[in-house]
Amino acid sequence: MAHCKRKPSKDTLATNSYNFARRVLVIEDIWAPCCCALPQEGVQPDPVTFVAVLNACASVSALEEGRCAHEQIIRSGCESVVFVRSSLVDMYGKCGSMQDAWRVFNKMPSQDVATWNAMIFGHVKCGQGQKALELFQRMQQEGVCPDRVTLVGVLNACASVVALEEGRGAHEQIIQRGWDLDAFVGSSLVDMYAKCGSMEDAWRVFCKMPSQDVVTWTAMILGYVRCGQGEKALELYKRMQQEGVQPNAVTFTGVLNACASLMALEEGRSVHQQMIQCACHLDAFVGSSLVDMYAKCGSMEDAWSVFNKMPSRDAVTWTAMIMGHVNCGQGQKALDLFHQMQEEGVQPDAVTFVGVLNACASIMALEEGRRAHERIIQSRCESNVFVRNSLVDMYAKCGSMEDACRVFNTMPSHDVVSWNALLGGFAMHGQGKEALVHFERMCEEGVHPDEITFVCLLSACSHSGFVDEGLRFYALMTTVYRIPAKLEHYTCMVDLLGRAGHLQEAENMIQGMPCKPNAAIWMALLGACRIHGNVEMGERMAKRVLELEPKNAAGFVLLSNLYAATGNLELSENVERQRKERDAKKQPGRTWIEVNDAVGIGYLRSGRPRLLRTNPPR
DNA sequence: TTAGGGTTAG
């Protein structure tokens with residue numbers, strides 16, 4: 001028998017009445033001793049007590065204690081009571097053990113609607129929405145009439161598997177039965193349509209409801225956040241308050257997400273103030289959203305301030321901080337946080353590892369990345385597709401294409417992100433041939449390239465001098481895949497054409513762009529002018545760069561080098577003097593270098609080649 | 001009935 005961890009308390013043994021059981025078990029949260037202790041102390045629980053115990057177990061997902069209660073129920077002979085059985089099914093479903101739920105379900109001579117509902121909700125909770133929908137069909141075939149709880153479960157199932165058509169079918173049944181004006185059902189309908197991406201339908205249901213409560217408003221707000229319409233979400237949030245509906249913790253998570261997506265720091269701060277007024281700011285769940293919002297809005301100071309005040313922090317809170325530092329370009333700080341998190345006994349999960357791998361990639365910390373990889377294997381997170389893609393990316397960015405390929409080749413399937421990470425790696429290391437070969441493989445596997453794929457390919461062609469292939473990819477992207485060219489693609493093309501000496505074509509390309517050129521694209525052509533010694537065009541390009549970015553040191557340096565290379569030493573010195581006058585500081589160039597058999601990132605041009613980080617031989 | 005942190009380019 002599964003043993004209960006907590007010791008029996010005398011107080012829990014005073015009575016087995018339903019109300020007392022509920023009070024002790026649920027409210028005071030010392031329910032576990034009761035289910036084991038009652039029979040030992042000679043107090044006989046009745047079916048009502050057992051249901052209360054099962055509900056308590058279900059409410060906190062305590063499977064072990066639930067199983068323990070089940071054994072007591074069998075011994076007491078109460079298992080034949082219908083509502084005890086349906087509570088058992090419900091408990092197992094809510095605790096995530098559908099196998100146990102099915103065992104009880106199949107043993108029942110007949111199932112009432114509550115039991116079917118428990119099974120449907122159980123499957124949804126376990127991420128098996130499709131199975132829940134199949135059960136709904138079976139239930140109707142067996143002549144059991146669904147109630148409004150069933151339909152709420154079905155709508156949840158549709159939302160979880162993005163089954164819009166089935167959702168519409170459920171909506172029709174709901175209208176036929178006259179339940180569409182019910183607050184619970186209506187909120188679930190709004191949620192279903194929003195999760196299925198049909199905000200128009202969600203809005204229609206929302207407007208038709210006789211009154212909207214905080215849940216309905218929140219479902220609508222979350223829908224807008226999910227589909228990337230953060231502004232609409234904030235608008236709705238304001239309207240909700242004008243209508244006198246008070247936001248709750250769930251609403252705040254949605255609104256903070258909206259602020260994060262819009263990088264709306266001021267709005268975020270004002271929501272934070274409202275949260276303090278409602279005393280919601282210390283809630284661990286919402287606190288993480290608050291940390292994330294400040295981090296995404298670039299204010300790590302505020303993120304830290306919230307983080308430090310939180311009474312408890314879980315993996316989500318730490319991960320939000322880690323990601324925040326990565327996005328601010330503080331990779332080392334992110335890794336320090338990762339170590340601190342573990343010292344405090346918080347177990348990292350798959351999302352944390354994604355953040356850690358990003359941090360390693362951003363500072364090219366190969367050894368740290370390898371250690372993270374080991375931890376990922378130990379934590380059984382390596383099957384997560386985000387983690388795998390991040391591993392490929394980390395190894396590629398840390399300079400080990402060998403490891404990147406090894407991880408890539410052991411993946412059971414590749415999505416477009418996996419391919420892009422690999423192709424980006426080849427591009428970065430000037431392995432144009434490899435990039436072309438792997439693009440062919442990608443197409444053979446039937447994975448559709450996206451705009452990022454083409455940035456990688458164009459950049460790979462550019463670095464390897466593959467002009468014809470680059471032009472072919474550009475044509476493929478715009479005509480076959482109908483991906484409209486963006487500034488990034490034009491920059492790669494200008495770089496490609498320019499390096500190959502097609503300077504005029506490159507300039508024509510910039511002039512023909514539908515979008516406004518930025519400094520980077522003029523710089524790409526200026527670099528090409530330096531390679532090919534075109535002073536006249538180089539001067540024009542430098543002028544454009546410095547108009548947009550007056551302190552762009554690279555712009556001065558490239559022009560100065562162009563003058564020097566073409567014998568205009570006086571002009572070269574003049575440009576260098578202007579650079580110093582404008583206080584445009586040079587950043588030492590880093591590149592992959594080898595020093596004494598060690599390969600790594602370092603400075604080549606500051607006197608002696610100096611390694612910053614090595615890539616030790618394996 | 002509504003909740004938090006996630007991958008690829010430049």
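To find a chain, count down the sequence lines: A is the first, B the second, and so on, and within it residues start at 1.
Heavy atoms of A:Ala284 sit under 4.0 angstrom from at least one base atom. No contact: A:Ala295 has no heavy atom under 4.0 Å from any strand. Among the atoms of the strands shown, none is found under 4.0 Å from any heavy atom of A:Ala520. Using a 4.0 Å heavy-atom criterion, one finds that A:Ser289 contacts the sugar-phosphate atoms exclusively. The residue A:Thr352 sits close to a base: some heavy atom pair falls under 4.0 Å.
Salt bridge status for A:Glu235 with A:Arg239: absent, with no side-chain N to carboxylate O gap under 4.0 Å.
Atom CG of A:Asn248 and atom P of B:dG4 are 13 Å apart (whole Å). Separating the CG atom of A:Asp393 from the P atom of B:dG6 is a distance of 16 Å, rounded to the nearest angstrom. One atom, CG of A:Asn420, and another, C1' of B:dG10, lie 13 Å apart when rounded to the nearest Å. Rounded to an integer number of Å, the gap from CG of A:Asn518 to P of B:dG10 is 14 Å. A:Leu189 places its CG atom 12 Å from the P atom of B:dT2, with the value rounded to the nearest Å. Rounded to a whole Å, the CG atom of A:Leu422 is 14 Å from the C1' atom of B:dT7. A straight line from CG of A:Asp495 to P of B:dA9 spans 17 Å, rounded to a whole angstrom. Residue A:Lys486 contributes atom NZ, which lies 13 Å from atom C1' of B:dT8 at whole-angstrom precision.
Less than 6.0 angstrom separates the ring centroid of A:Trp217 from the ring centroid of A:Phe206. With ring centers used as reference points, A:Phe353 lies 6.0 Å or more from A:His373. Taking the centre of each ring, A:Phe307 and A:Trp318 come in below the 6.0 Å mark. The distance between the ring centers of A:His438 and A:Phe426 falls below 6.0 angstrom. If you look at A:Phe408 and A:Trp419, their ring centroids are closer than 6.0 Å.
Residue A:Ala315 has its side chain nearest to B:dG5 when only B:dG5, B:dA9, B:dT1 are considered. The side chain of A:Ser390 lies closest to B:dT7 when the candidates are B:dT7, B:dG6, B:dG4. Side-chain proximity of A:Val417 to the nucleotides B:dA3, B:dT7, B:dT1 is greatest for B:dT7. Between B:dA3, B:dG4, B:dG5, one nucleotide has an atom nearer to the side chain of A:Lys195 than all others, and that is B:dA3. Distances from the side chain of A:Glu451 to the nucleotides B:dA3, B:dA9, B:dT7 place B:dA9 closest. The side chain of A:Val351 lies closest to B:dG5, out of B:dT8, B:dG5, B:dA3. Comparing B:dA9, B:dT2, B:dG6 by their nearest atom to the side chain of A:Val250 picks out B:dT2. The side chain of A:Leu222 approaches B:dA3 more closely than any other nucleotide in the set B:dA3, B:dT8, B:dT1. Nearest to the side chain of A:Ser459, among B:dG10, B:dA9, B:dT8, sits B:dG10. With distances taken from any side-chain atom of A:Thr319 to the nucleotides B:dG10, B:dG4, B:dG5, the minimum falls on B:dG5.
In this structure A:Thr319 satisfies the side-chain hydrogen bond (donor to acceptor under 3.5 Å, both in side chains) test together with A:Thr352, sequence neighbours excluded. For A:Glu172, there are no side-chain hydrogen bond (donor to acceptor under 3.5 Å, both in side chains) partners, not counting sequence neighbours.
Applying the 4.0 Å criterion to OP1 and OP2 of B:dT2, one finds that A:Asn156 has a side-chain N or O inside that range. Applying the 4.0 Å criterion to OP1 and OP2 of B:dA3, one finds that A:Arg226 has a side-chain N or O inside that range.
Closest non-hydrogen pair, A:Leu335 versus A:Ala365, comes out as CD1-CB, 4.5 Å.
Listed by residue number, the members of residues 197-211 of chain A with any heavy atom below 4.0 angstrom from DNA chain B form an empty set.
Put simply, the side chain of A:Asp314 and the base of B:dG5 share no donor and acceptor less than 3.5 Å apart. No donor-acceptor contact under 3.5 Å links the side chain of A:Thr253 to the base of B:dG4.
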